[in-house]
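The structure appears below as structure tokens.
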There are 2 protein chains.
Amino acid sequence: MVNLVQTKRLQKYRMALLRFKKMGLKKTFSHSLSEETSVSAVLIRKDFSQCGIRGKRRGGYDIDLLLGELKKIFGHEKEQNIIIVGLGNIGSALVKYEDYRQSNMNMVAAFDIDPAKRTRRYPVPVYSLENLREVIDTFDVSVAILAVPEFSAQETSRYLVENGIRGILNFAPVLLKVPDHVLVNNVNVMIELERLMYHIGVIQD
Amino acid sequence: MVNLVQTKRLQKYRMALLRFKKMGLKKTFSHSLSEETSVSAVLIRKDFSQCGIRGKRRGGYDIDLLLGELKKIFGHEKEQNIIIVGLGNIGSALVKYEDYRQSNMNMVAAFDIDPAKRTRRYPVPVYSLENLREVIDTFDVSVAILAVPEFSAQETSRYLVENGIRGILNFAPVLLKVPDHVLVNNVNVMIELERLMYHIGVIQD
DNA sequence: AATAAAATGTGAAAACTGTAACAATAAAAT
DNA sequence: ATTTTATTGTTACAGTTTTCACATTTTATT
């Protein structure tokens with residue numbers, strides 16, 4: 001229904017709307033959202049229009065209505081269980097995140113090869129990868145955060161997919177090879193920094 | 001010279017090339033890179049062509065030559081100093097990263113309002129934000145990683161910009177408002193997870 | 001030497017994305 | 001009640017990005 005580019009924008013709108021709501025506002029206008037998100041007002045109206053969201057001419061858009069529609073689109077209505085694999089620096093930080101609940105996500109388990117990590121020091125139970133299938137089946141998990149070291153990322157991702165994972169948020173600096181039905185989102189700090197540097201023109205001067 | 005879309009692809013090529021090189025390969029072909037990066041072979045050739053990188057007809061591309069050109073484009077030749085602001089969960093994890101050196105980046109300092117964080121437990125000195133200007137001037141820093149809590153992100157970013165930062169890698173779930181000459185790259189785990197879920201169609205079934 | 005095969009490089013077409021202009025409508029002002 | 005104003009919604013257009021088709025070059029084969 002909506003493609004990747006639009007999805008990204010809708011998520012921006014949602015963030016802005018949540019902020020507006022927190023400020024006590026009830027309705028908003030394409031221009032206000034434009035200022036907040038740096039997306040042109042026309043494009044915002046077009047996106048809404050295409051999603052079947054209607055405003056009132058001269059009256060703007062109802063914030064709760066918009067958030068409701070976005071909720072439908074992104075399926076926040078249904079709780080989604082997720083897992084995390086790898087409790088190194090990044091993994092440990094991510095497992096302690098508390099924002100998951102806000103998006104109706106539920107971190108149900110963590111996995112690490114190091115038995116020393118399998119303690120109660122984390123907010124979720126920590127297992128060996130041997131228990132992966134069991135956890136996935138029990139909690140109907142389809143999305144995993146992958147935060148293992150570079151050298152084991154490809155193999156681990158294969159194992160995840162083998163056991164039913166269809167979406168991977170990958171923090172390892174590796175281009176994972178996965179079957180067509182699996183989706184990977186890469187988060188790579190180095191690459192983001194590099195691009196930032198390139199674009200602010202640090203390079204030239 | 002190259003735009004954002006192309007930059008992202010070039011970074012992908014670079015990752016693939018580094019992998020090929022590690023495997024001992026000397027030359028490669030647009031098709032091999034295509035398989036590795038999921039970018040079409042024609043597009044890869046076009047990107048290279050536009051960057052003034054030439055291959056040999058039937059002979060493919062020389063890996064070292066390609067990496068050299070990419071190095072020039074991304075300015076890895078010159079060392080870039082960066083700082084990190086906020087030593088919470090994520091910040092602490094990022095400051096311990098060791099991959100910065102690979103891209104010729106140098107993490108020179110961290111900042112946190114909590115004096116308890118200002119110990120020697122971190123691989124770089126930790127300061128109060130009062131010392132920001134001093135550090136920025138001394139080390140000629142133009143890029144910062146922002147990993148403070150949501151509520152203080154906007155204010156902190158304003159302060160960073162005021163003191164000369166021109167690029168921000170923002171881990172706070174906030175759409176920062178910054179002047180035109182400043183670039184922000186957002187890294188938002190929730191948003192990435194949501195998009196992943198949306199696109200694998202977890203929602204529908 | 002001639003031919004075939006495997007690559008690159010590129011101009012034109014297609015697909016996609018965003019913008020501009022403006023009609024339609026609702027609210028506010030007179 | 002009428003006019004003005006502000007805002008949405010949409011159609012046509014412009015720009016950007018990707019793909020297609022194929023010419024060109026190099027290497028390998030016969």
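In terms of modelled atom types and a separation under 3.5 Å, the side chain of Glu36(B) and the main chain of Ala16(B) share no donor-acceptor contact.
One finds no side-chain N or O of Ser49(A) lying less than 4.0 angstrom from the OP1 or OP2 phosphate oxygen of dT8(D). Taking side-chain N and O atoms only, Ser30(A) has a distance below 4.0 Å to OP1 or OP2 of dT8(D). One finds a side-chain N or O of Arg9(B) lying less than 4.0 angstrom from the OP1 or OP2 phosphate oxygen of dT18(D).
Between the CZ atom of Phe48(A) and the C1' atom of dT8(D) there is a distance of 12 Å, rounded to whole Å. Atom CG of Leu43(A) and atom P of dG15(D) are 17 Å apart (whole Å). One interatomic measurement links the two molecules: NE2 of His31(B) to P of dT19(D), which rounds to 13 Å at whole-angstrom precision.
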| note | Once base and sugar-phosphate atoms are separated, protein heavy atoms under 4.0 Å mark nucleotides 24-30 of chain D, 5' to 3', with B, S and - as BBBBS--

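Using a 3.5 Å distance cut-off with no hydrogens or angles, the side chains of Arg45(B) and Ser30(B) do pair a donor with an acceptor.
Ionic pairing of Arg14(A) and Glu69(A) is not present here: no N-O contact between side-chain nitrogen and carboxylate oxygen is shorter than 4.0 angstrom. A salt bridge between Asp47(A) and Arg9(A) is present, with a side-chain N of the basic residue lying under 4.0 Å from a carboxylate O of the acidic one.
Summary of the strand contacts: Lys46(A) and Gly60(B) both lie near DNA chain C, and taking for each the nucleotide with the nearest heavy atom, the more 5' one is attributed to Gly60(B).
Between atom CD1 of residue Ile90(B) and atom CG of residue Asn89(A) there is a gap of 10.5 Å, rounded to the nearest 0.5 Å. Rounded to the nearest 0.5 angstrom, Glu194(B) CD and Lys8(A) NZ are separated by 14.0 Å.
Aromatic ring centres of Phe48(A) and Tyr61(A): separated by under 6.0 Å.
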| field | Check against side-chain contact (heavy atoms from CB on, under 4.5 Å), Leu193(A) and Ile82(B) | value | CA-CA 9 Å; Leu193(A) 283 171; Ile82(B) 59 174; 3.8 Å; yes

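At a threshold of 4.0 angstrom between heavy atoms, the contacts of Tyr61(B) are confined to the sugar-phosphate backbone, with no base atom among them.
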| message | Can you give me the dot-bracket string for DNA chain C, 5' to 3', counting Watson-Crick and G-U wobble pairs with both distances under 3.5 Å, using [ ] for crossing pairs and | for partners on another strand? | response | ||||||||||||||||||||||||||||||

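Nearest approach of Arg118(B) to Ser128(B), heavy atoms of both residues: CD-N, 3.5 Å.
Note that the first and last nucleotides of DNA chain C, 5' to 3', having any atom under 4.0 angstrom from a heavy atom of chain A are dT17(C) to dA28(C).
Between Leu17(A) and the choices Asp64(A), Leu70(A), Leu25(A), the side-chain contact (heavy atoms from CB on, under 4.5 Å) rule is met once, by Leu70(A).
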